[in-house]
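Beneath this line is the structure, given in structure tokens, with notes to follow.
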Amino acid sequence: MKFKLEIAPLNLDQTLGCGQTFRWRRLGDGLWEGPLGDQLVRMAQRGSILEVEARPGGKHARRLVQEHLRASDDVPEIQRKLAKDTVLAPGIAHVKGLRIVKMDEWECLVSFVLATYANIPRIAKMIETLSSRYGEEIVNGIRAFPTHDRLSEVSRTEMAGLGLGYRAEYIHSLCRTIDDESVSRLGKLSFSSLREELKELPGVGDKVADCVSLFGFGRLEAFPIDVHIERAFARLYHKKGPYSKLRTFASERFGEYAGYAQEYLFYNERLRAPGGACLFSKK
DNA sequence: GCCCAGGAGTGTG
DNA sequence: CACACTCATGGG
């Protein structure tokens with residue numbers, strides 16, 4: 001089935017390619033394909049219009065895409081508030097269409113546990129390994145992210161043979177610590193409680209808890225701090241220190257939309273990686 | 001070959 | 001609380 005959506009502002013290349021999510025593939029300018037829930041989705045951006053093809057299709061396909069791209073976020077308003085930060089202000093014009101995505105909670109949790117101390121191509125590869133082996137088929141060989149129940153059936157030895165490194169033990173243990181019911185229960189908690197409960201899970205520390213809060217549970221006040229953000233803070237704000245200190249700083253500075261600020265800084269920092277441009281001022 | 005990766009867990013001062 | 005060390009391994 002095919003349908004059109006209007007989502008503005010939107011930059012699909014920035015949103016799906018910046019490294020916040022791992023299963024989308026870029027087929028061309030503003031043209032992306034990937035599994036979303038039980039659908040294989042192809043999206044082409046024509047300005048603010050998104051042309052979507054979903055297979056096998058269904059009534060919920062439209063809602064799936066709207067939710068994933070957080071169509072109801074008032075991004076211009078979020079940016080107006082964040083632009084009060086004099087460091088962010090000059091760069092925001094370059095990321096007007098970069099939106100936070102909303103992932104499935106379970107997929108997000110596993111993905112970011114796998115993402116510890118690995119680069120993005122490898123993260124994508126590990127996720128594809130799990131999906132191709134244990135995911136439900138959507139259409140011709142493309143498989144959904146595996147359910148908790150299916151992943152729980154994988155033995156420790158089998159998991160250890162998948163090229164996940166020490167993360168294999170985390171995932172195996174994670175499956176035994178949490179189930180679908182407890183995941184949905186987490187969704188009802190306040191941000192601070194959610195964060196504390198996530199940190200109880202194997203393989204989940206400060207950073208992963210914040211990623212899962214932000215991209216999985218949609219808590220825009222979450223501010224994940226990885227090596228890139230640490231560098232950005234040191235360079236742009238002259239801020240260093242332990243996680244808790246940096247998180248408090250981010251929370252005070254960016255407030256309820258800290259997650260968007262984080263994604264702008266992350267995008268900028270990764271862009272600069274092999275000598276790219278810098279969008280934000282050094283103040 | 002070398003360096004690094006969207007860190008977490010554990011032990012120590 | 002703050003730091004040091006270890007963990008397993010592929011991508012650039």
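Chain A is the first sequence line, chain B the second, and so forth, proteins listed ahead of strands; every chain is numbered from 1.
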Determine, step by step, whether A:Thr15 and A:Ile100 satisfy the side-chain contact (heavy atoms from CB on, under 4.5 Å) criterion, reporting the C-alpha distance in whole Å, the side-chain angles of both residues, the deciding distance to 0.1 Å, and the verdict.
CA-CA 7 Å; A:Thr15 299; A:Ile100 298 288; over 6 Å; no
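Contacts of A:Glu263 with the nucleic acid, taken as non-hydrogen atoms under 4.0 Å apart, include base atoms. Looking at heavy-atom distances under 4.0 Å, A:Leu201 makes contact with sugar-phosphate atoms alone, never a base. Residue-level contact check: A:Glu169 touches neither bases nor backbone, having no heavy atom under 4.0 Å from any strand. Heavy atoms of A:Pro121 sit under 4.0 angstrom from primed sugar atoms or phosphate atoms, though from no base atom. Nucleic acid contact for A:Tyr267: none, since no nucleic acid atom lies under 4.0 Å from a heavy atom of the residue.
B:dG7 and C:dG12 have their P atoms separated by 16 Å, given to the nearest Å.
Between A:Val204 and A:Arg231, the one whose closest nucleotide on DNA chain B sits nearer the 5' end is A:Arg231. Each of A:Gly203 and A:Thr21 lies near DNA chain B, and the nucleotide nearest A:Thr21 is the one positioned closer to the 5' end.
One can place CG of A:Leu162 at 14 Å from C1' of C:dA8, the figure rounded to the nearest angstrom. Nucleotide C:dA8 holds its C1' atom 16 Å from the CE atom of A:Met159, rounded to whole Å. In this structure, CD1 of A:Ile229 is placed 11 Å from P of B:dG7, rounded to the nearest angstrom. The distance from atom CE of A:Met126 to atom C1' of C:dG11 is 11 Å, rounded to the nearest whole Å. Atom CD of A:Glu269 is separated from atom P of B:dA5 by 10 Å (rounded to the nearest Å). Atom CG in A:Leu114 sits about 15 Å away from atom C1' in C:dC7, given to the nearest Å. In this structure, the OH atom of A:Tyr243 is 16 Å from the P atom of C:dC1, given to the nearest Å. Rounded to a whole Å, the CG atom of A:Asp210 is 9 Å from the P atom of B:dA8.
Checked against the 6.0 Å centroid criterion, the rings of A:Tyr166 and A:Tyr117 do not qualify as a close aromatic pair. Taking the centre of each ring, A:Tyr134 and A:Phe145 stay at or above the 6.0 Å mark.
Side-chain proximity of A:Arg122 to C:dA8, C:dT9, B:dA8: nearest is C:dT9.
Residue A:Lys125 places none of its side-chain N or O atoms closer than 4.0 Å to OP1 or OP2 of C:dG10.
Residues A:Arg63 and A:Glu67 are paired through a salt bridge, judged by an N-O separation under 4.0 Å between the basic side chain and the carboxylate. Using a 4.0 Å cut-off between a side-chain N of Lys or Arg and a carboxylate O of Asp or Glu, A:Arg219 and A:Asp210 do not qualify as a salt bridge.
B:dG7 has its base stacked against the ring of A:Tyr117, the centroids being under 5.5 angstrom apart at an interplanar angle below 30°.
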